[in-house]
Amino acid sequence: MDFDAIVIGGGHAGIEAGLALARLSYRTLFITQNVDTIGKLSCNPAVGGLSKGNIVREVDALGGEMANLIDSTMIQFRMLNKSRGPAVQAPRAQADKFAYNQLAKWTLERQDNLQLFQDTVTDFILNSRGNKIEGVITERGRRFTANAVVLTTGTFLEGMIFIGDYTSVSGRIGEPAALGLGVNLRKMGFSVGRLKTGTPARVRKGSLDFSKMERQDGDGEIIPFSFSRDNVERPQLPCHITYTNEKTHQVIRDNIGRSPLFGGKISGKGPRYCPSIEDKVVRFPDKLRHQVFVEPEGLESEEMYLNGISSSLPEDVQEAFLKTLPGLEKVEVIRPGYAVEYDFIDPRQLKPYLMTKKIEGLFVAGQTNGTSGYEEAACQGLMAGINASLYLAGRGPFVLGRTEAYTGVLIDDLVTLGTEEPYRMFTSRAEHRLSLRHDTADRRLMPKSKEIGLLRNEAWEKFQEKLSRTDEVRELLRQRRVTESEIKTVDGALYTVLKKHIGKTYEQTIKDPDVTIETFRDFDDVIDRTSKEWLSLVELDIKYEGYIDRQERQVKRFEKMEKMKIPENFNYDTVDGISTESRQKFKAVMPATIGQATRISGVRNSDIAVLMIYLGRKK
Amino acid sequence: MKYYEYDTDDMIAALATPWGESALAVIRTSGDGCIEALSPCFRGKDNLSGSDGYSLHFGRIIDPGTGNTVDQVVAGVYRKPKSYTGQDMVEIFCHGSMPGITGILDALRNTGFRDAAPGEFTLRAFLNGKMDLTGAEAVNEIIRAKSPQAMGLALERLSGSVFNSINSIKALVSGILAEIELQLDYAEDEADPEAVLSTGKIETAISGLKELASTYRIGKVIQEGVRAVLTGRTNAGKSSLFNLLNRAERAIVSEYHGTTRDYIESLLVISGIPVKLYDTAGIRVSDHPVEAEGIKKSGEIIEASDIIIYLVDGCDGLTAEDRKRIDLFDRKKLIKVWNKSDISTKEIPEDYIAVSSLTGSGLDDLEKEIVSRAGAENIMLDDRAVIDSQRQKTLIDSALLSLENSLSAIRGSMPLDVVAVDIKEALDSLGEITGEITTADILDLMFSRFCVGK
Ligand SMILES: Cc1cc2nc3c(=O)[nH]c(=O)nc-3n(C[C@H](O)[C@H](O)[C@H](O)COP(=O)(O)OP(=O)(O)OC[C@H]3O[C@@H](n4cnc5c(N)ncnc54)[C@H](O)[C@@H]3O)c2cc1C
Ligand SMILES: Nc1nc2c(ncn2[C@@H]2O[C@H](COP(=O)(O)OP(=O)(O)OP(=O)(O)O)[C@@H](O)[C@H]2O)c(=O)[nH]1
Ligand SMILES: [Mg+2]
């Protein structure tokens, strides 16, 4: 074998897969169509956001790279959802996309055991029985052999972009699609579908009038995505907000017939949660305006990204409607918005550790599995890389549960439910969301990553220090009680609140919504010496304890079902009384447990009951 | 009952109507090939084996062993899947005589049918997708139903009115959850500003659930019977009235005071309402320990009753003792009866029902009053959904509690992620009655109702 492993694709999934394999000492070949586009942010110049920010921190805790990349290149930081509850807060940062892409490439280049190579993979080499991977063949006819291959082709597999009547065989505008592989995957018997997504225009900063827009600054305080960092010092740029109006919508309505989407040219399904502006106008005719965020693409760039207004209408229409927006009257478009349609592999053909069921040694991650988003791609890439390494080592797979990480929820959803639109993470998808806070990702995952051997020592040591300090603080809060004398110095309103708690432990007192842990800084030295971030971790653990218990009870009701296993090659045709739709769905997914079966969308309760009765009877 | 002990398609048979003498009885059979199997035992103009589904055939059942006629019957044929169980079925309508019924069942056993276990027909219906769990429960209750009204109620649920009203509340709560989830999944500046959480919707859901929960007592009354107790001074004629209401000599009647010492109960059906009627020891000061014990016991029964029928001895008229006791009872439960009206010389007060336990006069008035106190008149008049299973009641109550918690969480300015726990809990409870709401359903709602996403 030429290599231990081959990673195909230099996107966010590929980066994590390649680094994980190489860091775990496997000789890895990293093939991508163009090494200059490694880690390119194809769409919005931002990383993180609700639930996605949690994923970035999970990637960091597992020994991945994404947090470090964004910490080093961010140009605005915000903690989202501060008003809606600590458990669903998440960090988001605008990235300098050029710096991000540059740093990603450089990080790979410096990595031992990792060889970068520019080419396009067009076919696989299989063993004689056709059930095991042995390598890849490229466009230029090169053959490379390896025992494990990670496939991360993003939007490039048989990619096709659309702008009005214009179409081009590309994965991103100006970048050729990867042709051949999609056809060969179909030949190998994979079920491959089409999905669609879109991006808005990039415009010249100098042509915009910001005085007509609302300004949106980042937070003063930056919390690093990476647990290994104490702080981030980066220049901060503002974003701006403007709105569409009736005129904008009129232009769009008048030209809707020229949209490739509405004209029926695009067959792939787009995401409902991130609709194009033409979608928004058609589907929500009563909405008088839609928000548009004007975001900088980099420190050393004049390109601005128009978030919220992606479109595949013809360029003249795009320009016409953009000019109706306040502040964009004189807009100069540098790159137009477009839609892209691409092949994805039905992820139900994967095992929970991202290896295909059909071909041993072939792992798939990222947009190729039907997801969308950099973070979603990164966490899969990392899991695929880790599992490819375990496969090479002959060790058992590494699978995260739904209680352990958003990453676990994402992969379980994909391999169980498949997807009909580009899959994006939402906190709502995680039934254990209160336990999946971004600030606990290290606690949840670092011990696992340590065991796999991917975690850097400094990260582990810092985590140990955090654990012992937060344990110490927690113990202290359990022991110490509020006394009359110590609250004397506290002023006004807070005094009245604290007075009610005299004699109670600090811990009990913190459960009061009107009390924060910061209150106790002045009362105790150890607390005072602890960072704000670590204190807040302890505080949330205390405040949410009761709710987490309840959430767990809710989840337990369904856990029983998780324990009921369905035999691997179960024949659903032998069960009478299951409705035809459900039978088809069961057959497509082949759920491993009754619990997994209940999560298949559109399966009737009574069918689950029949299945349970049937399986019970077999015993 | 362990479902999985059953084979689900062999031939089963059972008497579907209660054991005992009656005008008509129904024997039900179900299973693969049961129409053909029954054919040789059936003699009539038509041959059962070729007959259509939903057809009726007059004829005789013959014992295949002896060739003797067992009974004259009508056989109803159902072809799968259009039957109660979803399998081939024959229902045999026969005379309600014990020898006839046992004769037919013996004939069926000789033909290869086995006796059905309790609930097995319903189980098959469920396994064949003929009903959901709500339906299956209702069927169980139809079987156990003690009166026609109860049966009507059980059927009512089968037709889905509980299902519908819970579903509409569930839809409302799902909408609320979708609004919350939307705000949790999109940043403050990204969420649709129209998706603001309104406590009004939660309140609407709460009042809908409360209304549903309040029907439970009525439903329970119909299912289990109202408890009515006869009380009054000794010798007022309680036992006589008890016998009259039962239309049977159940209790000992004598002119001696203190005849009844231990209570007697009976179950009767008054215009369709099952009534559990108690005759109790008459009230007087007694130093006899057995009688004293009986009087104490009467007190407990009165305590637990829905209806208290107080008898005044019409010969003596209203005594001071009577007045004292009557004042102690809950007005809403109390029915005052002036017994021995046949020989009473006193003027009968207006709020008393005049009855003679000897002649039976006034019985109609008393029965009407009992029915109206049972609250059942209301039920018969409107067609509200009525819940009558303890399980549904418990789940509705817990959904109510969760929603009320969510309201106080919102009022106490608790964060939304915590409010979501309550709403989710409510939804899970409702989902246990009519079927789960999945995350996918909530996301669908979010995206179809609100315009979100950058
Ligand atoms: C037009 C557009 C709109 C988007 N809109 C959104 C959005 O609205 N929201 C959102 O969250 N995300 C959006 N994204 C998606 C986001 O860019 C991706 O989710 C993310 O980049 C996926 O990462 P990935 O690693 O799976 O693939 P990519 O980042 O696409 O990377 C794939 C890499 O693999 C290389 N490659 C592909 N095939 C081969 C091959 N056969 N041989 C060698 N190299 C190959 C490609 O050159 C590329 O470098 C959009 C992307 C595009 C292009
Ligand atoms: N004429 C007449 N006699 C009645 C009537 N009801 C009861 N009696 C008589 O009254 C006597 C007492 O009747 P019971 O029914 O035994 O009275 P009771 O209230 O059960 O008495 P205790 O069990 O002793 O408390 C009997 O002799 C009955 O025949 C009535 O309506 N008319
Ligand atoms: Mg008596």
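Order of the sequence lines fixes the chain letters, A, B, ..., with proteins taken first and strands second; residue numbering starts at 1 for each chain. Just so it is clear, the structure is predicted and the values come from calculations on it, not from any experiment.
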Chemist: Could you check if a side-chain atom of Y544(A) sits within less than 4.5 angstrom of a side-chain atom of P415(B), using non-hydrogen atoms only?
Modeler: yes
Chemist: Strictly distance-based, threshold 3.5 Å: is any side-chain N or O of D185(B) a donor or acceptor partner for the main-chain N or O of F426(A)?
Modeler: no
Chemist: Please find the pair of heavy atoms, one from E181(B) and one from S428(A), that lie closest to each other, and give the distance.
Modeler: OE1-OG, 2.9 Å
Chemist: How close do V88(A) and D417(B) get, counting heavy atoms only, and between which atoms?
Modeler: N-OD2, 3.7 Å
Chemist: I need the minimum non-hydrogen distance between R84(A) and Y186(B), along with the two atoms involved.
Modeler: NH1-O, 3.0 Å
Chemist: Is there a side-chain contact (heavy atoms from CB on, under 4.5 Å) between R433(A) and L184(B)? Walk through the geometry before answering.
Modeler: CA-CA 11 Å; R433(A) 114 179 116 200; L184(B) 295 179; 3.4 Å; yes
Chemist: Which answer fits I277(A), side chain, backbone, both or neither, if we ask what part of it has an atom under 4.5 Å from a heavy atom of chain B?
Modeler: neither
